[in-house]
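Structure first, then comments.
All values reported here derive from a predicted model rather than from experimental measurement.
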Amino acid sequence: MWSWSHKIAFLVIGLTSLFLFAPGTALSWDWSVTPGVRAQEKYTNNLLYSRVVEYEEFITSIIPRITVKGITERDRLNMDVNADAQIHARNGRYDTVNIGSSLNYDRYWSERFSTTLNASFKKDETNDTELQEAGYVTLRRTRYRYSGGLSGSYYISERFIMSGGGGYSYTDYPDGPYPNSQSWNIRGGPEYVLDPLNRLGISVDYDETEYDTVNFDKTSLKNMSAYLYWHHQLDETSYLKATAGYRYTWTKYLVHRIVLEQHPYFPWLYRLKDVAEIKSGAADSMIFSVEMDKRWTERFSSNVSIGRTQYNTVDVRSVERNYVKGSLVYRITELIDAKLGFGFDRNKYDAKMGSDSDYYRVTPSISWRIGQNLRLGVGCTYEETDYDRSNDVDRFSGWISLSWSEPRFLSNH
């Protein structure tokens, strides 16, 4: 487990690297600072998204955010920091403050060569985040995630580009029960510009995650994938992206089984014993994705994506995830927007390591601009998980929120 000194060192190294990459002084940049805050009151009929204990709860959230941007002729910097302070009316033991921060720095060294440096830190609760990211049900546990990466691209010619990069991340569960983990990834491939609206490319990716398993050798998940992709610019604000390829995944995971054994001191007596052992497996499948972001009229826009990918779960399992997700936005008036978010995730375990599941969610909402920088929002979410070999679970949540932001509240130009 990382100590606080390691965590602080991680942040210091990231910030130091930023200014090592950036020539000149920060004062020569075009800086802007945008603050914001959202206050939200939320009701849910199943706080933990549990099949066993369903807590009704009212949650008050205060969510401040600050975004810092810096621009020069060759540099682009974006830094975002936010917090989510949650107060529970009935179950105060679940009060928490979640934190998210990210830093992204683009450097254009020449007309042909550019690099991107990124770093992030996030503290969250696993149950809500895993549902949002992959439709995967977990226990509610505090998690800290640290990550950083570097990538670059080089124009060999006006049409031919080579790109590549890699990254590292560390995940810490201070209270268990999930194992801490560290991950590495590397990727790269060529891209060809057909015309101003179309790009074709090939990408080869390798990811490896090691988990700290007590009293056993480290468990791990390794995934190799290769795919073709096509990006088509429909217009200035709309695009279509498609990928198709293949993945192969190696797993080394811990399993528990109950056995009946003879008592060592009383031979006529038998007892149940939990036996844990490391098992290995492998799986492969086709992977694909299609995403379209389109503004159909001045009032109506949509973003819809469908695909299949491989996903590492918090409890050291490899899942083939098939998904459909998206949002529809309609501007009723100049001040009122209506939005419908939706999603479906089919999680299928590799090597039959668990119970496959289907996760559905739908989120209608409306927002009103009640001032130059003020918005009032009302919405709800219904979500449900259906399991192949166990009981199902569902949840309804509704909320009302008030948001404020001030673009370029501080700037030097």
Heavy-atom pair of closest approach, residues [X] and [Y]:
X      : Y      : result
Tyr359 : Gly135 : CD2-CA, 3.3 Å
Thr313 : Tyr211 : O-OH, 3.7 Å
Ser302 : Trp296 : OG-NE1, 2.8 Å
Ile287 : Thr309 : CG2-CA, 4.2 Å
Asn98  : Thr96  : OD1-OG1, 3.8 Å
Ser280 : Lys252 : OG-CG, 4.2 Å

Intermediate values then yes/no, side chain to side chain donor-acceptor pair (under 3.5 Å), Thr116 and Asn118 = CA-CA 7 Å; Thr116 297; Asn118 60 74; over 6 Å; no

Side-chain donor-acceptor pair under 3.5 Å between [X] and [Y], yes or no?
X      : Y      : result
Thr363 : Thr381 : yes
Ser367 : Arg375 : yes
Asn303 : Asp293 : yes
Thr67  : Thr34  : no
Glu208 : Ser220 : no
Thr209 : Ser183 : yes
Ser289 : Tyr227 : no
Asn185 : Arg187 : yes

Report task. For the pair Trp230 and Leu228, evaluate side-chain contact (heavy atoms from CB on, under 4.5 Å) and give the outcome as yes or no after the intermediate values. Result -> CA-CA 7 Å; Trp230 168 52; Leu228 300 170; over 6 Å; no

Taking it one step at a time, do Glu291 and Leu240 satisfy side-chain contact (heavy atoms from CB on, under 4.5 Å)? CA-CA 6 Å; Glu291 178 184 1; Leu240 174 66; over 6 Å; no

Does a side-chain N-to-carboxylate-O contact under 4.0 Å join [X] and [Y]?
X      : Y      : result
Asp124 : Arg145 : yes
Arg395 : Asp128 : yes
Arg361 : Asp345 : yes
Asp30  : Arg408 : yes

Heavy-atom count check: over 12 atoms from other residues, nucleotides or ligands less than 6.0 Å from Lys123 NZ?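 Yes - once you tally the heavy atoms of other residues, nucleotides and ligands closer than 6.0 Å, there are more than 12.
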
Whether over 12 other heavy atoms sit under 6.0 Å from Lys294 NZ: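 Enclosed: over 12 neighbouring heavy atoms sit under 6.0 Å from NZ of Lys294.
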
Measuring from atom [atom1] of [X] to atom [atom2] of [Y], what distance do you get when rounded to the nearest 0.5 angstrom?
X      : Y      : atom1 : atom2 : value
Thr171 : Gln182 : OG1   : CD    : 10.0 Å
Asn82  : Ile66  : CG    : CD1   : 11.5 Å
Tyr155 : Glu111 : OH    : CD    : 11.0 Å
Glu191 : Arg199 : CD    : CZ    : 4.5 Å
Ser403 : Leu374 : OG    : CG    : 8.5 Å

Main chain of [Y], side chain of [X]: is a donor-acceptor contact present, judged purely on distance under 3.5 Å?
X      : Y      : result
Asn412 : Trp31  : yes
Arg74  : Tyr108 : yes
Asn45  : Glu54  : no
Arg346 : Asn322 : no
Asn180 : Tyr173 : yes
Arg141 : Leu139 : no
Thr44  : Ser397 : no
Asn91  : Arg93  : no
Arg112 : Tyr154 : no
Lys241 : Tyr229 : no

Do the ring planes of [X] and [Y] sit parallel (below 30°), tilted (30 to 60°) or perpendicular (above 60°)?
X      : Y      : result
Trp404 : Phe409 : perpendicular
Tyr94  : Tyr55  : tilted
Tyr360 : Phe344 : tilted

Original post:
When you measure from the centre of the six-membered ring of Tyr387, is the NZ or CZ of Arg51 under 6.0 Å away and within 45° of the axis?
Top reply: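 Yes, Arg51 and Tyr387 form such a contact.
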
Among all residues two or more places apart in sequence or in another chain, which pass the ring pair (Phe, Tyr, Trp, His ring centres under 6.0 Å) test with Phe396?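 Testing Phe396 for ring pair (Phe, Tyr, Trp, His ring centres under 6.0 Å), a comparison that skips the adjacent residues, returns none.
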
Item checked: Working for salt bridge (charged side-chain N to carboxylate O under 4.0 Å, His left out), residues Lys348 and Glu320 -> CA-CA 5 Å; Lys348 182 180 180 181; Glu320 179 188 271; 5.1 Å; no

Begin from the C-alpha positions of Tyr178 and Thr138 and carry the test side chain to side chain donor-acceptor pair (under 3.5 Å) through to its verdict. CA-CA 10 Å; Tyr178 302 121; Thr138 70; 4.5 Å; no

